[in-house]
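Down below is the structure, laid out as structure tokens.
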Amino acid sequence: MREVATLRTVLSQNVIDAAIAPPLMTARGLGCSIKGQRLVRDVDLTIRQGRRTVVLGPNGAGKSVLLRLLHGLLPASEGTVLWRGNPLGADAQDGQAMVFQRPVMLRRSVLANLNFALKVRGFRGPERARRAAQALEMAGLDHLAKRPARVLSGGEQQRLAIARALATGPDLLLLDEPTASLDPAATARIEALIGQAHASGVTIVMVTHDRGQAQRLADDVVFLQDGRLAESGPASTLLHSPRSDAVRAWLDGRLFVTTPQTQP
Amino acid sequence: MSLVAGWDQALSEIVLLSLQVTLSAVFVSCLIGLPLGAMVGAFRFPGRRPAILIMNVLMGLPPVVVGLMVYLMLSASGPMGVLGLLYTPTAMIIAQTVLVTPIVAALSRQVVEDLHQEYSEQFTSMGVGPLQRIMALLWDARFSLLTVVLAGFGRAVAEVGAVMIVGGNINHVTRVMTTAIALETSKGDLELALALGLVLLLIALLVNLVVMTVRGTAARASYA
Ligand SMILES: Nc1ncnc2c1ncn2[C@@H]1O[C@H](COP(=O)(O)OP(=O)(O)OP(=O)(O)O)[C@@H](O)[C@H]1O
Ligand SMILES: [Mg+2]
């Protein structure tokens with residue numbers, strides 16, 4: 001009985017959090033077409049301050065496109081994105097950082113990769129050195145500081161990419177499948193890094209295919225299917241009692257096909 | 001062989017002037033061609049396609065045509081005649097710079113464009129400005145660009161038509177390896193011509209070896 005009550009307070013606390021956390025980013029009727037193909041359409045979503053939003057959906061659903069739209073790398077062909085209440089403009093990337101599905105390592109040392117990102121954002125002298133050292137330590141890459149970034153393992157590169165993104169102190173961190181093709185140990189380290197960032201107040205938006213990861217990390221979930229929002233809401237609801245067939249099928253591990261296929 | 005015996009004052013003077021002229025021309029060409037190539041490679045702007053086309057066409061300019069153009073500019077009645085540069089090493093540097101700059105620009109454009117494909121979104125995400133972008137691309141492509149510079153050097157050091165026209169092949173003043181070879185061959189002094197030809201070959205070999213070693217090291221370090 002007590003447990004149920006606790007669960008209820010936890011749940012309602014979560015719901016209250018969701019309602020009172022101020023929106024950092026809002027998308028209304030967001031759509032993106034390239035060469036006449038509608039890659040993403042009719043997306044309404046709210047990213048709340050300090051929360052972790054996980055984006056789910058099958059391959060080609062438009063998850064990476066959605067992240068690029070939110071980050072201002074692709075122009076919206078329909079709808080609007082509000083960032084801190086203002087339309088996303090030329091300064092879209094100010095206060096945001098993104099880690100791409102294939103992390104981009106500059107042809108420099110690990111430390112030089114961090115220093116470059118810091119220099120671009122105007123950090124100089126001792127402050128830059130302090131932040132770079134902190135990032136190295138956070139990513140557990142101290143011993144590899146002088147190594148060329150491109151010889152690092154996949155997991156190390158991913159940690160460097162995240163540390164580099166966080167070094168400049170963004171409010172919002174966008175992560176595109178940061179643990180795809182990593183083993184459980186490497187995945188755990190990445191999740192710890194993300195957890196640390198979240199604990200220090202960074203808002204997280206993350207794409208994943210991993211149901212367990214979604215359950216471990218998500219406060220809110222956005223489920224994309226064929227470029228549309230199939231369902232979105234607090235993780236506690238969406239991952240346990242989904243309303244849409246798409247999410248239900250995904251949770252069951254079934255193939256969900258929207259267009260009827262002809263039998264062979 | 002008499003080659004070693006033939007290594008005298010006259011020979012070394014010619015070799016040194018050749019290197020001085022060519023290295024100066026390559027240096028100036030890099031100062032102009034690398035930023036130019038990087039800008040065309042990294043930025044989208046109206047007229048970009050024609051610019052690339054022009055750069056590629058200029059890359060194949062016949063040296064004698066370049067020599068003639070520079071001659072017309074520098075000759076007493078030309079627009080830059082008052083400078084009195086015709087038949088000086090400076091004139092040869094100018095001619096070779098005109099010849100090499102398009103090569104450096106066109107080839108570095110390709111190198112930088114390929115790298116920018118990979119970096120573009122990351123740079124935008126980081127908030128990298130235009131100037132920083134160019135500098136970072138040139139720096140990160142430095143080992144590939146070494147080959148580009150080498151191509152420019154190769155073209156300049158082996159070229160005879162342009163330096164002959166604007167330099168005049170004056171002994172002790174503007175005589176370089178290629179013009180000396182042409183002269184000595186026509187005079188029938190094949191020994192000196194051959195000696196110079198060998199030196200030219202050796203220089204090409206040496207420069208290639210150095211660049212290959214540097215690139216190999218860089219590749220093993222995943223910097224290239
Ligand atoms: N720049 C582009 N130009 C044209 N089509 C694109 C572009 N970017 C993505 N697409 C197309 O948009 C669709 C969605 O792509 P997106 O990369 O967002 O999928 P995703 O959900 O991230 O898939 P995955 O899980 O495989 O990473 C795909 O069909 C893709 O081919
Ligand atoms: Mg993707």
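Numbers restart at 1 for each chain; the letters A, B, ... are given by sequence-line order, proteins then strands. Just the heavy atoms: all of them, side chains too, but no hydrogens, waters or symmetry mates, feed the values below.
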- prompt: When only heavy atoms count and the cut-off is under 4.5 Å, which of residues 124-133 of chain B reach chain A?
  reply: B:Thr124, B:Ser125, B:Met126, B:Gly127, B:Val128, B:Gln132
Contact class of [X] relative to chain B, heavy atoms under 4.5 angstrom:
| X | result |
| --- | --- |
| A:Arg108 | both |
| A:Leu73 | side chain |
| A:Thr168 | neither |

field: Of A:Met105, A:Arg164, A:Met98, the residue whose pairing with B:Gln122 passes side chain to side chain contact (heavy atoms under 4.5 Å, CB included)
entry: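 The single option meeting the side chain to side chain contact (heavy atoms under 4.5 Å, CB included) with B:Gln122 is A:Arg164.
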[atom1] of [X]: more than 12 outside heavy atoms within 6.0 angstrom?
| X | atom1 | result |
| --- | --- | --- |
| A:Arg102 | CZ | no |
| B:Phe27 | CZ | no |
| B:Arg49 | CZ | no |
| B:Tyr71 | OH | no |
| A:Arg147 | CZ | no |
| A:Glu137 | CD | no |

field: Sidechain N-carboxylate O distance under 4.0 Å for A:Arg107, B:Glu118
entry: yes
Ring pair (Phe, Tyr, Trp, His ring centres under 6.0 Å) partners for A:Phe116, two or more places apart: B:Phe123
field: Interface residue of largest heavy-atom contact number with chain B, from A:Leu106, A:Val99, A:Asp94, under 4.5 Å
entry: A:Leu106
message: Does any part of the side chain of B:Glu121, heavy atoms only, come nearer than 4.5 Å to the side chain of A:Arg68, both counted from C-beta?
response: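 A side-chain contact under 4.5 Å exists here.
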message: Please classify the contact between B:Ala136 and chain A as side chain, backbone, both or neither, with a heavy-atom cut-off of under 4.5 Å.
response: both
